[in-house]
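What follows is a single structure, written as structure tokens, with notes after it.
Lettering follows sequence order; numbering is per chain, from 1.
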Amino acid sequence: MSATYFKPKKLDIYILIRLKNGKSERDGVILDEIRFFWKESEILSYIEENDIENLNNKSLKDQGVVSDLVHLINDYLSGKKINLYDNIKKINMDLGFKEKFRTEFSQKVMNIVSQLKHGEVTSYSDIGNELNSKAFRAIGSVLKKNPIPLIIPCHRVLGKNGMGGFMGKTKIGEEINLKKNLLEIEGVMEYK
DNA sequence: GAAGCCATTCACA
DNA sequence: TGTGAATGGCTTC
């Protein structure tokens with residue numbers, strides 16, 4: 001397990017990236033988690049609490065992959081119309097999709113969300129319709145557990161009557177503002 | 001297994 | 001607007 005963090009040029013936040021090596025030698029690097037922080041000190045205590053070793057570890061098999069990912073995220077946040085989900089495959093980084101989402105339902109939800117294009121938004125009920133399910137709230141529950149926001153663009157899922165939640169929160173706060181910021185970067189104006 | 005939790009939605013006042 | 005019921009999958013015990 002290793003981690004690195006950086007401050008993107010365009011947003012006043014810190015982004016922590018956690019990685020782990022695949023099970024076998026042949027496997028590449030698996031993206032374990034992406035997490036946002038508003039203060040540098042919060043990252044350090046999070047790392048301590050979760051017993052993360054090797055911050056900015058240089059021994060990870062392929063450090064190039066990490067800097068590629070940081071570049072990709074910076075490009076995306078600068079307004080370039082790239083789809084991180086598509087691009088991450090090109091840099092030989094694995095998402096550990098099946099490991100992260102174990103139930104059929106959550107895999108289907110995440111599949112739909114990860115197919116959303118840059119600037120495209122949907123709603124919890126639209127996803128439900130696609131799955132022939134009325135489990136709108138369950139869809140929210142799945143998205144809440146998304147450990148790799150940005151890559152799986154859960155910020156592109158809005159409620160029928162407004163923003164909906166983000167990162168576990170439903171009331172307007174820093175988290176939801178970040179969701180708004182991301183949508184603004186993508187040029188999405190049709191939300192309240 | 002059952003109860004309780006949810007990043008929702010819709011109808012009705 | 002605002003409340004309250006319906007909803008179904010997931011987590012926790």
(message) I need the single residue from A:Tyr46, A:Tyr14, A:Tyr5 that forms a side chain to side chain donor-acceptor pair (under 3.5 Å) with A:Arg35. Which is it?
(response) A:Tyr46
(request) Find the distance A:Ile139:CD1 to C:dG9:P and express it as a whole number of Å. (result) 10 Å
(request) Indicate the atoms forming the closest heavy-atom contact of A:Phe36 with A:Pro149, along with that distance. (result) CE1-CG, 3.6 Å
(message) So if I take residues 140-156 of chain A and measure heavy-atom distances to DNA chain C, which residues fall below 4.0 Å?
(response) A:Lys145
(request) Could you pull out the closest heavy-atom pair between A:Leu150 and A:Ile15, with the gap in Å? (result) CD1-CD1, 4.4 Å
(request) Mind calculating the distance between NZ (A:Lys169) and P (B:dC5) to the nearest angstrom? (result) 18 Å
(message) In this structure, how many angstroms lie between the P atom of C:dA5 and the NZ atom of A:Lys134, rounded?
(response) 19 Å
(message) Quick test of your reading: applying salt bridge (Lys or Arg N to Asp or Glu O under 4.0 Å), list the pairs with at least one residue in residues 95-124 of chain A, sequence neighbours left out, ordered by first then second residue.
(response) A:Lys20-A:Glu99, A:Lys23-A:Glu99, A:Glu104-A:Lys108
(request) Write down the distance between CZ (A:Phe36) and P (B:dA7), rounded to a whole number of angstrom. (result) 17 Å
(request) Could you list by number each residue of residues 124-132 of chain A showing a heavy-atom separation from DNA chain B of less than 4.0 Å, or answer none if no residue does? (result) A:Tyr124, A:Ser125
(message) Taking the minimum atom-to-atom distance to the side chain of A:Phe105, which one of C:dG8, C:dC10, B:dA7 wins?
(response) C:dC10
(message) Under 4.0 Å, heavy atoms only, any strand: does A:Ala135 hit a base, just the sugar-phosphate, or nothing?
(response) sugar-phosphate
(request) Can you see which heavy atom on A:Ser106 is nearest to which on A:Thr103, and at what distance? (result) OG-OG1, 2.8 Å
(message) Under the side chain to side chain donor-acceptor pair (under 3.5 Å) definition, can you give me all pairs with a residue in residues 143-155 of chain A, not counting sequence neighbours?
(response) A:Tyr76-A:His155, A:His155-A:Glu186
(request) Give a yes/no answer on whether the side chain of A:Thr103 brings an N or O atom under 4.0 Å of OP1 or OP2 in C:dC10. (result) yes
(request) Determine yes or no for a side-chain-to-main-chain donor-acceptor pair under 3.5 angstrom, with A:Lys81 supplying the side chain and A:His118 the backbone. (result) no
(request) Convert the base pairs of DNA chain C into dot-bracket notation, remembering that pairs crossing earlier ones are written with [ ] and that bases paired across to another strand are shown as |; include only Watson-Crick or G-U pairs under 3.5 Å. (result) ||||||.||||||
(request) Take the protein atom NZ of A:Lys160 and the nucleotide atom C1' of B:dC10, then report the distance between them rounded to whole Å. (result) 11 Å
(request) May I have the distance from A:Phe136 (atom CZ) to C:dC10 (atom P), rounded to whole angstrom? (result) 16 Å
(message) To the closest 0.5 Å, what do you measure between CD1 (A:Ile152) and CG (A:Leu116)?
(response) 11.0 Å
(message) Would you say A:Ser78 and A:Lys10 are linked by a side-chain donor-acceptor pair, where the criterion is simply a distance under 3.5 Å?
(response) no
(request) Over all heavy atoms of both residues, which pair between A:Ala138 and A:Phe105 is shortest? Give the atoms and the distance, please. (result) CB-CE2, 4.0 Å
(request) Rounded off to whole Å, could you give me the CZ-to-P distance for the A:Phe166 and B:dT8 pair? (result) 14 Å
(message) If the test is side-chain contact (heavy atoms from CB on, under 4.5 Å), which one of A:Val113, A:Asn83, A:Ile148, A:Leu182 qualifies with A:Pro153?
(response) A:Val113
(request) For A:Asn161 and C:dT3, give me the distance from atom CG to atom C1', rounded to whole Å. (result) 14 Å
(request) Determine the contact category for A:Gly168: base if any of its heavy atoms lies under 4.0 Å from a base atom, sugar-phosphate if only primed atoms, P, OP1 or OP2 are that close, otherwise nothing. (result) base
(request) For residues 162-178 of chain A, pull every pair meeting side chain to side chain donor-acceptor pair (under 3.5 Å), keeping only residues two or more places apart or in separate chains. (result) none
